[in-house]
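All values reported here derive from a predicted model rather than from experimental measurement. For the single chain, residues carry numbers from 1 onward in sequence order.
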Amino acid sequence: MLSVPRHAFERDDVPGREPVLSRGVVWALEDLQESPMAVRIAMSDSLLLAQERAAADPPAEWLETWETWVTAMQSGSAMFAAATTPEASTACLIHHEVRSVLATGPHGWRRCRPTG
């Protein structure tokens, strides 16, 4: 295995093997059907949590690390789907559950435009 040295990293404030989702991500996922902004919050919070996990678990050996990255990826995919769907909402798999995500249309923080 190849190992690339890096600068020292203080890990005292980094979450270890804690529950996969933070309170902010849980709140955002629970609020997907109520708030169009929830999908953006879920994406940004889950991505931040995944980055924190990667600092504590660089080889990504913990299931919790993989779960946070998958949740971030699924939230990003849901954000894109919400911006491009012609319907009022879209169904997206996020953290082991199919969730209804409100349509948002394109916005400044979502740089996508439907074609056609």
Side-chain angles (χ1 to χ4, degrees):
M1 178 164 85
L2 175 64
S3 179
V4 178
R6 67 177 185 184
H7 64 281
F9 185 81
E10 184 61 45
R11 296 182 184 189
D12 292 340
D13 296 330
V14 176
R17 295 186 79 161
E18 297 174 2
V20 172
L21 300 180
S22 66
R23 284 179 285 177
V25 175
V26 170
W27 170 86
L29 294 178
E30 290 173 351
D31 207 33
L32 287 173
Q33 292 179 311
E34 306 297 324
S35 170
M37 293 294 287
V39 70
R40 182 181 69 86
I41 294 167
M43 167 61 190
S44 63
D45 286 4
S46 61
L47 182 58
L48 179 61
L49 184 59
Q51 292 167 339
E52 290 175 350
R53 296 271 181 200
D57 179 26
E61 294 175 335
W62 301 340
L63 177 60
E64 295 87 351
T65 303
W66 281 98
E67 290 281 331
T68 57
W69 281 108
V70 170
T71 301
M73 180 273 308
Q74 290 172 331
S75 298
S77 178
M79 191 168 72
F80 181 79
T84 60
T85 185
E87 305 298 325
S89 64
T90 185
C92 298
L93 177 65
I94 306 173
H95 194 65
H96 309 289
E97 187 177 322
V98 176
R99 302 167 192 270
S100 180
V101 179
L102 290 177
T104 61
H107 288 275
W109 47 270
R110 289 177 298 265
R111 302 270 184 222
C112 52
R113 302 272 192 264
T115 59

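- Taking all atoms of both residues into account, the shortest heavy-atom contact from S75 to I94 is OG-CG2, 3.7 Å.
- Taking OG1 of T71 as the reference point, atom CG of L49 lies at 8.5 Å (rounded to 0.5 Å).
- A pairwise comparison of heavy atoms in T68 and T65 identifies OG1-O, 2.7 Å as the closest pair.
- The CZ atom of R53 sits 10.5 Å away from the CD atom of E67 when rounded to the nearest 0.5 Å.
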Distance-only donor-acceptor pairs under 3.5 Å for side chains of residues 41-48, two or more places apart:
from: S44; atom 1: OG; to: R40; atom 2: O; distance (Å): 3.2
from: S44; atom 1: OG; to: I41; atom 2: O; distance (Å): 3.3
from: S46; atom 1: OG; to: A42; atom 2: O; distance (Å): 2.6
from: S46; atom 1: OG; to: M43; atom 2: O; distance (Å): 3.2

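- Atom CZ of F80 and atom OG1 of T85 lie 11.0 Å apart (nearest 0.5 Å).
- Checking side-chain atoms of D57 against main-chain N and O of W62 turns up a donor-acceptor pair under 3.5 Å.
- When the shell of 6.0 Å around CH2 of W69 is examined, it contains more than 12 heavy atoms from other residues, nucleotides or ligands.
- Every residue meeting the salt bridge (charged side-chain N to carboxylate O under 4.0 Å, His left out) condition with E97, not counting sequence neighbours, appears here in chain and number order: R99.
- Shortest non-hydrogen contact noted between T90 and A82 is CG2-N, 4.1 Å.
- The backbone N or O of H95 lies less than 3.5 Å from a partner atom in the side chain of Q74, making a donor-acceptor pair.
- Following chains of ILVMFWY side-chain contacts shorter than 4.5 Å, one can reach V26 starting from M79, so the two form part of one hydrophobic cluster.
- For the atom pair CD (E34) and CG (L102), the distance works out to 7.5 Å, reported to the nearest 0.5 Å.
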